[in-house]
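The structure appears right after this line, and notes come after that.
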Amino acid sequence: MTDQTLPPQYTPAAIEADLYRFWVEHGSFAPEASPRRAGGAGAPPLPYVIMMPPPNVTAVLHMGHGLNITVQDVLARFERMRGRPTLWLPGTDHAGIATQNVVEKLVAKEGRTRFDLGREEFVRRVWSYVDETGGAILEQLKALGSSADWSRTYFTLDADLSRAVREVFVRLYEKGLIYRGKYIINWCPRCLTALSNEEAEKSEVDGKIWRLRYPLASGQGFITVATTRPETMLGDMAVVVHPGDKRFHALLGQRVRLPLVDREIPILADEAIDPEFGTGAVKVTPAHDPLDFEIGQRHGLTPLDIMTPDAHLNETVPERFRGLDRFEARRRVVQEFEALGLLDGVDSHRHAVGRCYRCDTVIEPRLSDQWFVKMKPLAAPALDAYRTGQLRFIPERRGEEYATWMGNIRDWCISRQLWWGHRIPVWYCDACGTTTVSRDDVARCACGAVPRQDEDVLDTWFSSWLVPFSSLGWPERTDDLARYYPGSVLVTAPEILFFWVARMVMAGIEFMGGVPFDTVYLHGTVRDTQHRKMSKSLGNGIDPLEVIEKYGADALRYTVIASMAVGTDVILDPKDLETSFAPGRNFANKLWNAGRFILTNLPVATGTGDPVGRPYGGSIRPLAGPHANVVRRDELTLADRWIIARCDRMVREATVNYEKFRLNEAASAVYHFVWSDLADWYLEQAKPRLHGTQPGGDVARAVVARTFEVALQVLHPIMPYITETLWQRLPGRAPQASIMRSPWPRPARRA
RNA sequence: GGGCGAAUAGCUCAGCUGGUUAGAGCGCCUGCCUUACACGCAGGAUGUCGGGGGUUCGAAUCCCUCUUCGCCCACCA
């Protein structure tokens, strides 16, 4: 005698979509719908707000999202059930380079480039691409069971957020915190744009270092320099040695005759040189190396830019080199030095090379005009917020990383030579030479001429760092802004601590007068069994949608949560999904069957709408209808009292662990209660009573119903679908009742 | 070059303020298709808690050191 409506194996695919629709249709994810805490008196509960890190609008769901989104959903569902009006605010990021690259590839399939289309047409293409495919990632997030408030979804290029971006740009400019300057920036010769330091990924390579002889202008001997990029010698403006390096004292003040280009350059002394490295003498190319640029500034050297934007040699170099690609040029330069007998030698040399984080192209340091944000004035209060405890990190050690970074912060290059993004709100008038920075488009200059807008767009993070308030309507004073700023916790991967988290703190303090959240929870990374980060290029990824289809969202969520201690990585085997997700799948099935057994043995619902039992902590009573008697304490058997005590303990443990972000411990507490205590032990011993071969069936039923319900509630944040499904089938439920609105169980006081 | 983390069962990992016989999942062995579940049940084996030293009545846990991995930051040409 089992419940024929429930199959013996849990079939997530059959329930998830309908259930998700049920939640959405009942507005369950809006903060306005959060259940009120029992009691009611006193101040209204503090809202609980999480800003979802907006996925790239072109993103395809991967396990990194799976983990990040699950953690946030667990926290949101937990706090919601505990009675706090909960807002989990979703959005998508326009992701400048990433999105532009995707569309450029599509355009390339037509045999064209973005330059063929022109700026306006290209941007139109990106918009239509985003309109068509941009919602996909959000739909995929929903499959995970995310209880985000979709009615408030934003996009970082929306009109509202654009207004915020301009407001911020203008305010910072007027405050003198935004400036334009010449600088050596990381340049991607393929994307043709500047990259921030954070976007330039260093990777070690086995390269070479060449020793080149530069003949002295006097004709007497030479000085030998070492370089990993010989081609840059065409732009050398000096040779520099350490002032204390006796080997070169006689040469200071002399000049060398630069080979190949036949140009004289000075030999200078600078503290920045390490006499121990290489030959102790360094060639200085101010236009193509950041250190060289600094040295050049100290000594008044004029930078000579020898490259085109796509890293070919330009017209400043001797004719035979013009048009050569930088690597080709490297070979040619080395060849010629060798032919001239000026190549002193070559060594293999392991060193770090910067690469574009989007396309992996080797970065070319390049001198150019860019816009910058002066960071020190913004960083100081943000560092202070951490020092004074307004901001905490989990795990704690991340706080020190944050502090170190804040303490050594450099100015932020915010201009990007892209077409897709927030256009820089600066207009130049060629007629009268004025520069206008404005919140509104400038159609006409004060002198009457038509000005041209700056060609560049802003770094994507320049809109992202504002989302804690721009997504709530800032700079307007909206109700949402008043209600939901500041937020509570930010959940993200440590990779974007500096890209995003640190900058949000700075923006929050600068524009809202306070930190945007009090807690930053940094979770680990999903890796394969060799501890490699899962990535598309390595082909070691796991498709969360495939896992959901096979084993269900709950299985995925449970597995990920259970295998993640605070701040540690999650290791999964992409080659064996079954084994990887067995913990979640097996547990879901166990729960399902315990539920089937229990539901079968409970009285049929009477439709009175009575809840099962009273709030936990009150006395246990059996179900509504013919059994509606309160169970007296002296009716409980030893086993009954035992399982109730275990249940109490489980609630205490799980609650504390949820609060402390030890989600794996919370999961483990319910897991063992359900599996070992309730199913393996209590249900087995209660079978004679439940089946009527022993007296006391009503008491056993009451205990089963109540402890099982509590387990479902405590597990709901982690496994929302299966717990809701079973909960709704408990007898006595009103037709539209939801576990999401049931009050969080409170353990009985210890007698 | 700095900073940080990790090393615990065959595998992947917990072990939070030092305190009885060190835990989980998966895998393995024995017996079970017992009318909720074989994605299961009952039972079982498996650990010099990386090496060495120290503090302590007591150390996987604290300190020092070595080894091996990993991560982050950094302008070593």
Side-chain angles (χ1 to χ4, degrees), chain A residues 1-3 6-10 184 186 197-198 202 209-212 225-230 232-233 236 239-240 272-285 288-295 349 351-352 354 365 395 397-398 400-401 403-405 408 410 494-495 497-498 524-525 527-533 551-552 555 558-559 562-573 576 578-601 656-657 660-662 664-665 667-668 671-672 675-676 679-680 683-684 687 690-691:
Chain A
M1 47 175 245
T2 54
D3 190 332
L6 298 179
Q9 294 242 302
Y10 176 51
I184 290 276
N186 299 299
N197 281 335
E198 288 75 16
K202 297 278 178 166
I209 184 162
W210 288 267
R211 293 192 303 276
L212 307 178
V225 299
T227 180
T228 54
R229 292 185 296 151
T232 61
M233 64 79 52
D236 280 0
V239 172
V240 181
I273 305 306
D274 176 5
E276 302 295 313
F277 190 85
T279 62
V282 180
K283 57 187 272 322
V284 173
T285 323
H288 293 280
D289 185 273
L291 179 62
D292 291 8
F293 179 72
E294 280 177 30
I295 294 174
H349 179 57
H351 62 124
R397 60 190 159 81
R398 296 288 180 184
E400 286 308 308
E401 285 178 30
T404 306
W405 188 78
N408 302 320
R410 319 184 104 206
E495 290 99 276
L497 180 56
F498 307 125
T525 306
R527 298 176 185 279
D528 68 9
T529 48
Q530 296 167 54
H531 291 208
R532 297 178 306 178
K533 198 169 159 179
Y551 311 117
Y558 178 84
T559 301
S563 59
M564 185 188 64
V566 171
T568 64
D569 292 336
V570 174
I571 311 295
L572 294 168
D573 187 354
D576 190 353
E578 168 140 13
T579 303
S580 289
F581 292 94
R585 180 199 58 172
N586 294 355
F587 185 41
N589 196 239
K590 186 69 188 180
L591 197 69
W592 183 255
N593 277 290
R596 280 209 311 151
F597 175 77
I598 289 167
L599 292 174
T600 303
N601 285 285
V656 165
N657 284 313
K660 294 190 172 175
F661 299 91
R662 295 201 288 250
N664 60 325
E665 299 287 337
S668 163
Y671 181 96
H672 289 106
W675 204 311
S676 310
D680 287 351
L683 290 182
E684 290 302 325
K687 274 179 180 173
L690 294 172
H691 293 155

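Quick caveat: nothing in here was measured; it's all calculated off a predicted structure. So you know, we letter chains A, B, ... as the sequences are listed, proteins then strands, and number each from 1.
A donor and an acceptor atom sit less than 3.5 Å apart, one in the side chain of A:E684 and one in the base of B:A36.
Using a cut-off of 4.0 Å between Lys/Arg side-chain N and Asp/Glu carboxylate O, A:E665 and A:K660 are scored as not salt-bridged. Salt-bridge formation is detected for the pair A:R229/A:D289: a Lys NZ or Arg NE/NH1/NH2 atom is positioned less than 4.0 Å from an Asp or Glu carboxylate oxygen.
Annotation: B:U56 and B:C64 have their C1' atoms spaced 16 Å apart (nearest Å). Rounded to the nearest Å, the gap between the P atom of B:U55 and that of B:U17 is 23 Å. Comparing B:U46 with B:A24, their P atoms are spaced 14 Å from each other, to the whole Å. Taking atom C1' on both B:A9 and B:G44, the two are 14 Å apart, rounded to the nearest angstrom. The separation of B:U12 from B:A6, taken at their C1' atoms, amounts to 14 Å, rounded to a whole angstrom. Rounded to a whole angstrom, the distance from the C1' atom of B:C76 to that of B:G23 is 48 Å. Between B:G5 and B:C62, the two P atoms lie 11 Å apart (nearest whole Å). Look at the P atom in both B:C29 and B:C72: the space between them is 41 Å, to the nearest Å.
Comparing A:E578 and A:R229 against RNA chain B, the residue whose closest nucleotide sits nearer the 5' end is A:E578. Nearest-nucleotide positions on RNA chain B for A:T228 and A:F587 put A:F587 closer to the 5' end.
Classification of the A:W675-A:F587 ring pair by plane angle, with boundaries at 30° and 60°, yields parallel. In this pair, A:F581 and A:Y551 present their aromatic rings parallel. The plane angle is below 30°, not in the 30 to 60° band.
For A:K687, no side-chain nitrogen or oxygen approaches OP1 or OP2 of B:U34 to under 4.0 Å. At least one side-chain nitrogen or oxygen of A:K590 sits closer than 4.0 Å to the OP1 or OP2 atom of B:C41.
Between the C1' atom of B:C75 and the CD1 atom of A:I209 lies a distance of 14 Å, rounded to the nearest Å. Put simply, CZ on A:F597 is 14 Å from C1' on B:G40, counting in whole angstrom units. We find that CZ of A:R596 is positioned 7 Å from C1' of B:C37, with the value rounded to whole Å. Separating the CZ atom of A:F498 from the P atom of B:C73 is a distance of 7 Å, rounded to the nearest angstrom. Distance, A:I295 CD1 to B:A77 C1': 9 Å, rounded to whole Å. Here the P atom of nucleotide B:A77 and the NZ atom of A:K283 are 12 Å apart, to the nearest Å. Summarising the geometry, the separation between NE2 on A:H288 and C1' on B:C75 is reported as 16 Å, rounded to the nearest angstrom. Across the protein-nucleic acid pair, A:W592 atom CH2 and B:G40 atom P stand 17 Å apart, rounded to whole Å.
Of the candidates B:A77, B:C37, B:C41, the closest approach to any side-chain atom of A:D680 belongs to B:C41. In this structure, of B:C75, B:C37, B:C39, it is B:C75 that holds the atom nearest to the side chain of A:P290. The listed nucleotides are B:C75, B:A77, B:C37; the one nearest the side chain of A:V282 is B:A77.
Judged by Watson-Crick or G-U wobble contacts below 3.5 Å, the nucleotide B:C13 has B:G23 as its partner. Nucleotide B:G43 forms a pair with B:C29, judged by Watson-Crick or G-U wobble geometry with both contacts under 3.5 Å. As the counterpart of B:U55, no nucleotide is assigned, since no Watson-Crick or G-U wobble pattern has both distances under 3.5 Å. Base pairing of B:G18: no nucleotide in any strand meets the Watson-Crick or G-U wobble criterion (both distances under 3.5 Å). Pairing for B:G70 is with B:C4, a Watson-Crick or G-U wobble pair whose two hydrogen-bonding atom distances lie under 3.5 Å. The nucleotide B:A77 finds no pairing partner, because no Watson-Crick or G-U wobble arrangement with both distances shorter than 3.5 Å includes it.
Across all strands shown, A:I184 has no heavy atoms under 4.0 Å from either base or sugar-phosphate atoms.
With A:D292 contributing its side chain and A:H288 its backbone, the two residues share no donor-acceptor pair below 3.5 Å. Remark: the backbone N or O of A:N664 is not paired with any side-chain donor or acceptor of A:N657 at under 3.5 angstrom. Between the side chain of A:T559 and the main chain of A:G584, a donor-acceptor pair closer than 3.5 Å is present.
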Nucleotide by nucleotide, 5' to 3', does protein get under 4.0 Å of the base (B), only the sugar-phosphate (S), or neither (-) in nucleotides 12-28 of chain B, counting heavy atoms?
SSS-B-------SSS--
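For the pair A:M233 and A:W210, the minimum side-chain heavy-atom distance is 4.5 Å or more. A:T525 is not listed as a side-chain neighbour of A:V570, based on a closest heavy-atom distance of 4.5 Å or more.
For the pair A:K590 and A:Y671, the cation does not sit on the ring face, since its NZ or CZ is not both under 6.0 Å from the ring centre and inside 45° of the axis.
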